[in-house]
Amino acid sequence: TIIAGIRVLVDQPVASEANWVFRVTETGATRRYLDGLKKAVFIKLVLPLFLAVFALHAFLWDPGRAFVHAAYGTVVSGLALAAVFYHYRTVPFACTYVPGKIKLHCTAIPFLVGLLLTMMALTAVEKAVLRDVRDGAVVLALAAAAGLALRLSNRRFYRLNGLVYEDAPEAAMIELPGEF
């Protein structure tokens with residue numbers, strides 16, 4: 001949920017006039033800008049979080065089990081980071097934002113249901129991994145395959161598409177009936 005919050009947060013402009021630096025220096029390697037964003041989030045937020053998780057659980061559990069728990073959380077968070085920034089094309093914190101595009105009134109319930117189901121499934125997988133470390137190797141292989149598939153798909157997407165600097169409003173306007 002933290003990573004989803006970060007994804008929403010980077011869409012909010014802090015200084016939209018700052019995007020001129022990206023416009024002037026943009027190269028054909030669009031993915032490098034966004035890979036830098038993902039690496040920064042991973043190194044500055046995810047790794048310290050799971051190092052703290054490891055330290056706490058190593059104190060409470062045995063170190064091997066604490067390591068498996070922290071490693072599983074790190075891998076899942078890395079995949080979540082790749083998934084929430086999949087085909088992401090705007091410059092973080094420096095692009096215009098059109099409010100209401102998320103349509104939270106329509107997407108909140110499906111998002112919450114999906115989040116709860118995903119958390120239940122990931123908890124069940126983690127329990128299996130903690131029971132038998134060999135299951136962890138299977139989970140790690142599947143995570144590596146999923147991460148590679150996301151990365152290759154993003155590479156192709158960014159080769160064909162550049163960065164977006166201004167969020168465009170929807171083409172159709174909704175008109176309320178009646179006279180004003």
Group every Ile, Leu, Val, Met, Phe, Trp and Tyr by side-chain heavy-atom contacts under 4.5 Å, then state whether Leu112 and Met119 land in the same group. yes
Just verifying a value: how many Å separate Tyr86 OH and Asn154 CG, rounded to the nearest 0.5 Å? 6.0 Å
Under 4.5 Å between any side-chain heavy atoms of His69 and Glu126, yes or no? yes
Interatomic spacing from CG in Leu45 to CD1 in Ile6 - rounded to 0.5 Å: 4.5 Å
Is a donor on one side and an acceptor on the other found under 3.5 Å between the side chain of Asp132 and the backbone of Asp135? no
Please report the shortest heavy-atom distance between Pro48 and Phe42, naming the atom on each side. CD-O, 4.4 Å
CZ on Phe50 to CG on Leu56, rounded to 0.5 Å: 12.5 Å
As an exercise, state the distance from CG of Leu150 to NZ of Lys38, rounded to the nearest 0.5 Å. 8.0 Å
Ala58 and Ala66: which non-hydrogen atoms are nearest, and at how many Å? N-CB, 3.4 Å
Linked, directly or transitively: Ile2 and Leu47 (ILVMFWY side chains, under 4.5 Å): yes
same_hphob_cluster(Leu81, Val76) at 4.5 Å side-chain heavy-atom cutoff: no
Are Val113 and Met120 linked, directly or through intermediate hydrophobic residues, by side-chain heavy-atom contacts shorter than 4.5 Å (ILVMFWY only)? yes
Is there side-chain contact between Val46 and Ile3, with heavy atoms separated by less than 4.5 Å? yes
Decide if atom CZ of Phe67 counts as having more than 12 heavy atoms of other residues, nucleotides or ligands within a radius under 6.0 Å. no
Kindly say whether Ala149 contributes a backbone atom to a donor-acceptor pair with the side chain of Ser153 at under 3.5 angstrom? no
Is the ring pair Phe85/Tyr88 parallel, tilted or perpendicular, if the boundaries are 30 and 60 degrees? perpendicular
Taking all non-hydrogen atoms of both residues into account, name the closest pair between Pro63 and Phe54 and its distance. O-CE1, 3.7 Å
When you group the ILVMFWY residues by side-chain heavy-atom contacts below 4.5 Å and let the links chain together, are Tyr72 and Leu130 in the same group? yes
Looking at CG of Leu122 and CG of Leu115, how far apart are the two atoms once the value is rounded to the nearest 0.5 Å? 9.5 Å
Could you measure the distance from the CZ atom of Arg7 to the CG atom of Leu37? Nearest 0.5 Å is fine. 9.5 Å
